[in-house]
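Since the structure is predicted, the reported quantities are computational estimates derived from the model, not experimental observations. We count ligands from 1, going down the list as the structure has it; atoms in each ligand are counted the same way.
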Amino acid sequence: MRDSSVKLLSHPSTRIEPKSMGKQRVLSGVQPTGNLHLGNYLGAIRNWVEGQSQYENFFCVVDLHAITVPHNPATLAADTYTIAALYLACGIDLNYATIFVQSHISAHSELTWLLNCITPINWLQDMIQFKEKAVKQGQNVSTGLLDYPVLMAADILLYDTDLVPVGEDQKQHIELTRDIVIRLNDQFGSPEKPVLKLPQPLIRKEGARVMSLTDGTRKMSKSDPSELSRINLLDPPDAIQKKIKRCKTDPIKGLEFDHPERPECNNLLTLYMLLSGKTKEAVAAECQDMGWGQFKPLLTETTVEALKPIQQKYQAVMADKGYLESVLREGRQQAEAIAHFTLSKVKTALGYSTPL
Ligand code: AQP
């Protein structure tokens with residue numbers, strides 16, 4: 001790496017220890033469907049980073065999922081690289097993790113087909129995310145959107161994953177993955193010799209559901225048409241200041257957590273707590289007598305400071321495209337070997353002949 005600020009990133013070929021050593025395996029991913037926001041960071045990536053040394057980790061950029069809603073082919077590849085660079089910038093360490101791009105490994109699509117054929121269609125029609133996104137798209141809902149959770153199941157199952165760290169919104173999809181495993185093992189394996197491993201969700205309570213800045217009852221989301229609804233990890237300080245200044249609040253004096261009629265207040269205090277690293281009790285005591293006029297600049301400064309190191313590291317990673325490419329190339333090689341082994345196991349269990 002040319003830039004000294006990214007010295008902490010290890011080059012893929014200079015790792016200091018093997019990543020597995022009998023550890024439980026973790027897999028998770030983010031779609032390249034837009035700018036990563038504080039919900040993606042606090043609900044998912046920050047937890048990946050905090051737990052990474054305990055596990056053998058696979059983090060993918062799930063670009064096949066990205067086309068389940070209308071997408072722009074002119075930006076898909078660049079968005080994919082941006083997400084991979086942000087993984088590194090947020091602190092994913094190659095000593096513990098493999099980073100790769102989902103579409104670079106054909107086993108994801110192939111296992112999806114096999115799993116499709118044992119997944120009842122009504123299981124997919126019941127998924128909350130499908131119903132919500134389908135409503136937004138009206139007549140143009142693709143089969144891919146309905147099939148999104150089966151592709152996600154394939155992502156998880158290909159790597160014999162033990163744990164899937166996600167935000168609360170993805171819990172139903174992990175439950176569906178488990179149902180698919182149980183069905184497949186039941187039909188094509190035996191209790192002594194299951195075909196696929198049963199994964200568990202790993203959902204942290206704090207940050208599991210970061211809410212929109214413009215409506216504290218809806219989750220912060222990349223696809224919300226209003227830019228003011230979310231803070232992106234790459235937002236400059238003036239954009240962060242503007243978004244917090246304009247965010248929805250209430251007229252009640254004094255700030256408090258967990259009040260059922262103050263969802264925005266709870267969300268903003270939670271953001272302050274998570275980004276400052278203070279405890280809930282300390283934040284409750286610090287902010288109990290504050291008005292919004294005093295709290296908003298405090299939250300702005302805390303957010304800007306928390307995102308500064310991520311933004312600096314991101315710039316350094318993006319300045320060396322060769323490095324990022326080498327990370328993804330090696331990631332693909334490592335992930336592909338495992339994925340193809342699992343795929344072969346499933347094909348054998350389903351009765352397929354071996355390729356000649
Ligand atoms: N608001 C959120 N709070 C906590 N966690 C969240 N995640 C997403 N939004 C929040 C978690 O981020 C990870 C990656 O999500 P994704 O990009 O794969 O898809 P998503 O959940 O659909 O995220 P978005 O931002 O809402 O994207 P769009 O608008 O494109 O659908 C997941 O672990 C998710 O739980």
**Request:** Could you tell me whether Ser28 and ligand 1 have an N or O pair separated by under 3.5 Å?
**Result:** no
**Asked** What class does the angle between the rings of Tyr87 and Trp48 fall in, given that below 30° is parallel, 30 to 60° is tilted and above 60° is perpendicular?
**Response** perpendicular
**Prompt:** By number and element, which atoms of ligand 1 are closer than 4.0 Å to a non-hydrogen atom of Lys133?
**Reply:** 22 (O), 28 (P), 31 (O)
**Prompt:** Given Pro32, Gly29, Gly39, which has its nearest heavy atom closest to atom 6 (C) of ligand 1?
**Reply:** Gly39
**Cationic tip of Lys278 above Tyr272 ring, under 6.0 Å, 45° of axis** = no
**hydrophobic_cluster_shared for Leu76 and Leu145, side chain cutoff 4.5 Å** = no
**Message:** Quick check against the 3.5 Å criterion: does Asn40 have a side-chain atom that pairs as donor or acceptor with the backbone of His37?
**Reply:** yes
**Ligand-residue contact atoms, ligand 1 with Ala44, heavy atoms, under 4.0 Å** = 12 (O), 13 (C), 33 (O)
**Prompt:** Does Asp224, backbone or side chain, put an N or O under 3.5 Å from an N or O of ligand 1?
**Reply:** no
**Request:** Using a strict 4.0 Å cut-off to heavy atoms of Arg209, name the atoms of ligand 1 that fall inside it.
**Result:** 3 (N), 4 (C)
**Request:** Report yes or no: does a heavy atom of His65 sit under 4.0 Å from some atom of ligand 1?
**Result:** no
**Asked** Are any of the N/O atoms in Val210 less than 3.5 Å from those in ligand 1?
**Response** yes
**Asked** Do the ring centers of Phe59 and Phe100 come within less than 6.0 Å of each other?
**Response** no
**Message:** Please classify the Asp169 to ligand 1 contact at 4.0 Å (heavy-atom distances, strictly less than): side chain, backbone, both or neither.
**Reply:** side chain
**Criterion side-chain contact (heavy atoms from CB on, under 4.5 Å) on Gln54 and Lys23, from CA distance to verdict** = CA-CA 7 Å; Gln54 293 173 55; Lys23 292 172 176 174; over 6 Å; no
**Asked** Atoms of ligand 1 less than 4.0 Å from Gly43 heavy atoms?
**Response** 4 (C), 5 (N)
**Request:** Could you tell me which atoms of ligand 1, counted from 1 in the order shown, lie closer than 4.0 angstrom to a heavy atom of Gly167?
**Result:** 5 (N), 33 (O), 34 (C), 35 (O)
**Request:** Kindly indicate whether the side chain of Lys197, heavy atoms from C-beta on, has any atom under 4.5 Å from the side chain of Leu157.
**Result:** no
**Asked** Can you tell me if Glu168 has a non-hydrogen atom under 4.0 Å from ligand 1?
**Response** no
**Prompt:** Does Val166, backbone or side chain, put an N or O under 3.5 Å from an N or O of ligand 1?
**Reply:** no
**Per atom 23 (O) of ligand 1, closest listed option by heavy atom (Met152, Lys219, Arg204)** = Lys219
**Asked** Centres of the His173 and Phe130 rings: under 6.0 Å?
**Response** no
**Fill in**
For Thr33, the ligand 1 atoms with a heavy-atom partner under 4.0 Å come out as 30 (O)
**Message:** Can a side-chain donor-acceptor contact be found between Ser226 and Asp224 if the only test is distance below 3.5 angstrom?
**Reply:** no
**Item:** Criterion side-chain contact (heavy atoms from CB on, under 4.5 Å) on Leu124 and Leu176, from CA distance to verdict
**Value:** CA-CA 8 Å; Leu124 303 179; Leu176 181 104; 4.0 Å; yes
**Request:** Report yes if some N/O of Tyr148 lies less than 3.5 Å from some N/O of ligand 1; otherwise report no.
**Result:** no
